[in-house]
Amino acid sequence: MITTRFAPSPTGYLHIGGLRTALYSYLWARKNSGRFLLRIEDTDLKRNSQEAAEAIEKAFKWVKLSFDDEVVYQSKRFDIYKKYIKQLLDEKKAYYCYMSKEELDDLRAMQQSKKQRPRYDGRYRDFKGVPPEGIEPVVRIKAPHDAVISFIDGIKGEISFKSEDILDDFIIARADGTPTYNFVVAIDDALMGITDVIRGDDHLSNTPKQIVIYEALGFKIPKFYHVPMILNPNGKKLSKRDGAMDVMEYKKMGYLPEALLNFLVRLGWSHGDQEIFSFKEMLELFDPSNINKSASAYNGEKLLWLNAHYIKNASYERIIEELKEFNVDIKDHDKKEVLVDAIRERAKTLVEFADMANSILKPPKQYDQKAVKKFISEESLEILLKYAAFLRIYDKKLHLPVDFEEATKIFMKKHDLKMKQLAQPVRIAMVGSSTSPSVYDVLSIVTVEGAIDRIEKFIKYIKG
RNA sequence: GGCCCGUUCGUCUAGCGGUUAGGACUCCGGCCUCUCACGCCGGCAACAGGGGUUCGAGUCCCCUACGGGUCACCA
């Protein structure tokens, strides 16, 4: 069975890079009928994690990714880590180091001045003497000396490090007794039964350290997949300054979660030429072995296009429900289907959708001056007046867009008018601008009574 | 700086020794049309550079350049 995990440190929100690796982990586990777990990496007691963890879970709820089992908080597992620290100490695989922070800093400074790689010199590795007074020791692990640590990365292939290049006897427990990151990650991944670790490739160089822990403790080493980072549109590292790092921001901006997920799954992964993936298809087709080796730049245009696609194809119920979040409630409107269909082809986000809906639902507060100048004349006002009178006669028979279309054709024929001559003035009177969905759709939603009101109001405005 | 990883249109990518290097987004034309969109048709646009290996290289190897990651008693 495959078990994967998402292990964020609680920084306050879930960002899109995190969501992507989480999605990959989720897909891979669920595709194989395995488990997908959440672990909060909050060993640094200075930070508060409860709120952050809740924010993260809220974001996952929005995109409908779910976790198995209980959420694991590292801050609640210190007893477990202590046990393993003791074990390593007892087995002489780790040792107390009494070097003070100042001494360490001095050592590092000296090494750097000699252009050497800063590293612990192992002075307490085989220390047998009397420990210095007044120093709380840290615990260091005995890292192998002349070894090559290599593993097969599921994305990048074989990766190997020489221990002399990257390893020293790194700290596994701080002076205050709390364990450090690379130590707890290895322990938790092992104890939680994680078989496949899918994470950002910024962790690539942590991997050999974690392998040292796995080996010291006799744990089975999982399969690693190091996913390349997401870059901003300029090809630089994605940061808060690029905006919309927080997944929940996308909700506020009117994105559908399936669009975000589709966007993210395709960023760095592909299945031939396919662009659109339903959740079911992702589950069927995803395989981490064809994740790209190189970083991908974030391209908002494509996300917008995907969002438009999902809006176009969403059910009425879905859109009506989503629109409530943006203060548009058309659940009881008798022309709600006409309205949704009129807008779904035009709106790229739910925010735009709501704006467009309001522009039809509510009488215009102002009229676009350019449009008025271009399309409104004495003659067109005359036409509008006649059209209003005409609509009044047909009143009871006009409901659906086709009703308006048929009636309007009669009107145009009677007055020898072209569609263009009528449509633009009507449009301006209805919504205040020269762009909108089909006038028949608008008329149907506005109703005859509303249309007459708007025409009268518009004429009053022009004359007045 | 050491170590590690990467490099196909502007962007996301297909390609797994023989292709007119394909698709998608963006952009530009055209069609449709009551406007705006949608849709449809068409177009612009790429193998970082240099050496090898091979009958043949975007695909394999090496070097260079460029980009990124990482080197904590942070995670």
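Throughout, protein chains are lettered first and strands after them, A, B, ... in sequence-line order, and every chain is numbered starting at 1. Note that these values count all heavy atoms, side chains included, but never hydrogens, waters or copies made by symmetry.
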- prompt: Of the nucleotides B/C25, B/C5, B/C3, which one has an atom closest to the side chain of A/Asp165?
  reply: B/C3
task: Kindly point out which of B/C73, B/A75, B/C34 is positioned nearest to the side chain of A/Asn182?
output: B/A75
message: I want to verify a distance call: between B/U35, B/U13, B/C4, whose nearest atom is closest to the A/Ser296 side chain?
response: B/U13
task: Would you classify A/Ile171 as touching base, sugar-phosphate or nothing, given that sugar-phosphate means primed atoms plus P, OP1 and OP2, and contacts are heavy atoms under 4.0 Å?
output: base
query: With a non-hydrogen cut-off below 4.0 angstrom, is A/Ser205 in contact with a base, only sugar-phosphate, or nothing?
result: sugar-phosphate
message: Over all strands shown, is A/Lys162 touching base, sugar-phosphate only, or nothing at heavy-atom distances under 4.0 angstrom?
response: nothing
- prompt: When we call it a touch if two heavy atoms are under 4.0 Å apart, what does A/Ser160 touch: a base, just sugar-phosphate, or nothing?
  reply: sugar-phosphate
task: Report yes if a donor N or O on one partner sits less than 3.5 Å from an acceptor N or O on the other, where the partners are the side chain of A/Asn206 and the base of B/A75; otherwise report no.
output: yes
query: Of the candidate nucleotides B/U11, B/U26, B/C4, which contains the atom at the shortest distance from the side chain of A/Ala297?
result: B/U11
query: Whole-Å distance between B/U11 P and A/Leu303 CG?
result: 18 Å
query: B/U11 phosphate, OP1 or OP2: any side-chain N/O from A/Asn232 under 4.0 angstrom?
result: no
Sugar-phosphate, base or nothing in reach of A/Tyr440, heavy atoms under 4.0 Å: base
query: Out of B/C38, B/G6, B/C34, which nucleotide sits closest to the side chain of A/Ser294?
result: B/G6
task: Classify the side-chain pair A/Asn182/A/Gln210 by whether it contains a donor and acceptor separated by less than 3.5 Å.
output: yes
message: Between A/Lys312 and B/G39, is there a contact of a side-chain N or O with OP1 or OP2 at under 4.0 Å?
response: yes
message: Under 4.0 Å, heavy atoms only, any strand: does A/Glu275 hit a base, just the sugar-phosphate, or nothing?
response: base
query: Does the B/C12 base have a donor-acceptor partner in the side chain of A/Lys302 within less than 3.5 Å?
result: yes
message: Looking at B/C73, I'd like to know if its phosphate oxygens (OP1 or OP2) sit under 4.0 Å from a side-chain N or O belonging to A/Arg108.
response: yes
query: Got a donor-acceptor contact below 3.5 angstrom from the A/Arg427 side chain to the A/Pro437 backbone?
result: yes
message: Please confirm whether the shortest side-chain N or O distance from A/Lys293 to OP1 or OP2 of B/U7 is below 4.0 Å.
response: no
- request: Would you indicate, yes or no, if B/G68 has its OP1 or OP2 atom less than 4.0 angstrom from a side-chain nitrogen or oxygen of A/Lys236?
  value: yes
query: Are any side-chain N or O atoms of A/Glu352 and backbone N or O atoms of A/Lys348, one a donor and one an acceptor, separated by less than 3.5 Å?
result: yes
Phosphate contact (B/A75 OP1 or OP2) by A/Thr43 side-chain N/O below 4.0 Å: yes
- prompt: With a 4.0 Å cut-off, would you call A/Lys82 and A/Asp79 a salt bridge?
  reply: no
query: Below 3.5 Å, does any donor atom in the side chain of A/Arg346 face an acceptor in the base of B/C38, or the other way round?
result: no
task: Please work out if A/Gly268 contacts a base, only the sugar-phosphate, or nothing of the nucleic acid, heavy-atom cut-off 4.0 Å.
output: sugar-phosphate
query: At under 4.0 Å between heavy atoms, what does A/Lys418 touch on the DNA or RNA strands: base, sugar-phosphate, or nothing?
result: nothing
- prompt: Between B/C38, B/C12, B/A75, which one does the side chain of A/Gln74 approach most closely?
  reply: B/A75
task: Remember a base hit wins even if backbone is also touched, and classify A/Phe161 as base, sugar-phosphate or nothing at under 4.0 Å, heavy atoms.
output: sugar-phosphate
task: Please figure out whether A/Glu345 or A/Gly272 has its closest RNA chain B nucleotide nearer the 5' end.
output: A/Gly272
task: Would you mind telling me which residue lines up with the more 5' stretch of RNA chain B, A/Gly157 or A/Ala173, judged by nearest nucleotide?
output: A/Gly157
- prompt: Closest to the A/Arg117 side chain: B/U11, B/C71, B/C3?
  reply: B/C71
- prompt: What nucleotide, of B/A24, B/C4, B/U26, holds the atom closest to the side chain of A/Glu301?
  reply: B/U26
- request: Choose from B/U35, B/A75, B/C4 the nucleotide whose nearest atom is closest to any side-chain atom of A/Thr435.
  value: B/U35
- prompt: Does any donor atom in the side chain of A/Tyr225 or A/Asp196 lie under 3.5 Å from an acceptor atom in the other side chain?
  reply: yes
- prompt: Do A/Asp201 and B/G69 share a donor-acceptor pair, side chain to base, under 3.5 Å?
  reply: no
- request: Write down the atom of A/Ile16, the atom of A/Leu238, and the distance for their closest heavy-atom approach.
  value: CD1-CD2, 3.8 Å
task: Looking at every strand, decide which applies to A/Pro437 at a 4.0 Å heavy-atom threshold: base, sugar-phosphate, or nothing.
output: base
- request: Please confirm whether the backbone N or O of A/Gly122 pairs with a side-chain atom of A/Asp169, one donor and one acceptor, at under 3.5 Å?
  value: no
message: Using a heavy-atom cut-off of 4.0 Å across all strands, would you classify A/Lys101 as base, sugar-phosphate, or nothing?
response: base
query: Is any side-chain N or O of A/Ser270 closer than 4.0 Å to OP1 or OP2 of B/A14?
result: yes
Nearest-nucleotide pick for A/Ser9, side chain only, options being B/A75, B/C34, B/G23: B/A75
- prompt: Between A/Ser296 and A/Arg266, does any side-chain donor sit less than 3.5 Å from a side-chain acceptor?
  reply: no
query: If you look at every strand shown and take non-hydrogen atoms under 4.0 Å, does A/Met99 touch a base, only sugar-phosphate, or nothing?
result: base
